[in-house]
2 protein chains.
Amino acid sequence: MNTAPDEPRWLTDEEQRVWRAYLHATTLLEDHLDRQLQRDAGMPHIYYGLLVGLAEAPRRRLRMTELAMQAKITRSRLSHAIARLEKNGWVRREECPSDKRGQFAVLTDAGTEVLRRIAPGHVAAVRQAMFDRLSTEQQQALGEIMQIVAEGLQPREAGADLPWLR
Amino acid sequence: MNTAPDEPRWLTDEEQRVWRAYLHATTLLEDHLDRQLQRDAGMPHIYYGLLVGLAEAPRRRLRMTELAMQAKITRSRLSHAIARLEKNGWVRREECPSDKRGQFAVLTDAGTEVLRRIAPGHVAAVRQAMFDRLSTEQQQALGEIMQIVAEGLQPREAGADLPWLR
DNA sequence: GAGCCTTCCTTGAAGTTTAAACAAAATGGA
DNA sequence: TCCATTTTGTTTAAACTTCAAGGAAGGCTC
């Protein structure tokens, strides 16, 4: 009997190739989109996602926590991000009448306008980087794969304030 | 004839689903790995990649530019990162005899040791998040897809110093 | 309604990344 | 050789993210 303490199951060569391709592609793509948006709109990709989230919400507003969950970021990060977008005049905060702790992030007209202006370029970048290069079958496969991977991962801050669960 | 200026090709509903699944999964996974490594080794995912890059190189050393390209980050970012890893004692700089501008980043014994200690946990996290959940066919498809996407994207800093090409 | 816990969000500090500017060494012609 | 250009890597400051702490309001229980 082997006394070695649980030799880890290293990745096979083939798994390595897949994993490195994944890392390579995702970092390049994220960088690419970040820079495209930074250049065209002066904001990083994640901030764009925030504006889109608000634009799609009823009355173009969302509670901070809801927006944070939608964007998969911490409330802290969102707080800083909204402060920045507020400075740009693209978002404004509004307090929640029914819960005095709460805040709404509201997309302003200027914010809507920015979005209208930059969305086409962003979509074009996404198409060019991904959809224009993949077959329909590959797109479908990718969707399924990403669905599965996401399901296996905890959303952020689950139990963040419940240290005994960690 | 329509006078509208090139109505952009918006994503179809299906494409939207794929794209959002992609964003959702990749951000959750990156967060997950970042936090796993931060907890177990006190460094972000990208820094782990740097140590691995060095560990695999002959004599456990690489020129800064080479390492930056391998990790797909800018030389500036690498410069900061190596400074940090140097403080930890995991990497040391060595000057290049043949090119006096050059620097080698060298993995120290302590760095090798850290890697040995944390690699199993990292591999386990990657397996659990991705490979254990995907069929062989899905893994293969993912590899091909990521390969294609990566090919379409410029490596960082290509022409960074040639502004007229941008 | 007092006390206690939870939720909502913000804050400040520390760490990381980016962008732009820079110095030094190498390179490539004229 | 001389000079312009490129390459290499660092530095500075600003922007962004993370982490830990905390204030204020809501909810629950007795």
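Numbers restart at 1 for each chain; the letters A, B, ... are given by sequence-line order, proteins then strands.
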B:D99 side chain vs B:R101 backbone, donor-acceptor pair below 3.5 Å: yes

Contact nearer the 5' end of DNA chain C, comparing A:D34 with A:T65: A:T65

DNA chain C-proximal residues of residues 36-53 of chain B, any heavy atom under 4.0 Å: B:I46, B:Y47

Selection: residues 95-103 of chain A, any non-hydrogen atom under 4.0 Å of DNA chain C: A:R101, A:G102, A:Q103

Worked check of side chain to side chain contact (heavy atoms under 4.5 Å, CB included) between B:Q103 and B:E94: CA-CA 6 Å; B:Q103 293 274 105; B:E94 230 171 75; over 6 Å; no

Establish, with yes or no, whether the OP1 or OP2 oxygen of [N] is under 4.0 angstrom from a side-chain nitrogen or oxygen of [X].
| X | N | result |
| --- | --- | --- |
| B:R63 | D:dT7 | no |
| A:R84 | D:dA15 | no |
| B:R75 | D:dT7 | no |

Shared hydrophobic cluster for B:M69 and B:L78 (ILVMFWY, side-chain gaps under 4.5 Å): no

Connected via hydrophobic side-chain network under 4.5 Å: A:M43 and A:L115: yes

Student check: side-chain heavy atoms of A:V106 and A:V91 closer than 4.5 Å: no

First encountered from the 5' end of DNA chain D, between B:L78 and A:H80: B:L78

Ring geometry between B:W19 and A:F131 (parallel below 30°, tilted from 30 to 60°, perpendicular above 60°): perpendicular

Worked verdict on B:T112 versus B:R60 for side chain to side chain donor-acceptor pair (under 3.5 Å): CA-CA 9 Å; B:T112 308; B:R60 304 195 319 212; 3.2 Å; yes

Per A:S76 side chain, nearest of listed nucleotides D:dT12, D:dT17, C:dT11: C:dT11

Donor-acceptor pair between A:E144 and A:Q140 side chains, under 3.5 angstrom: yes

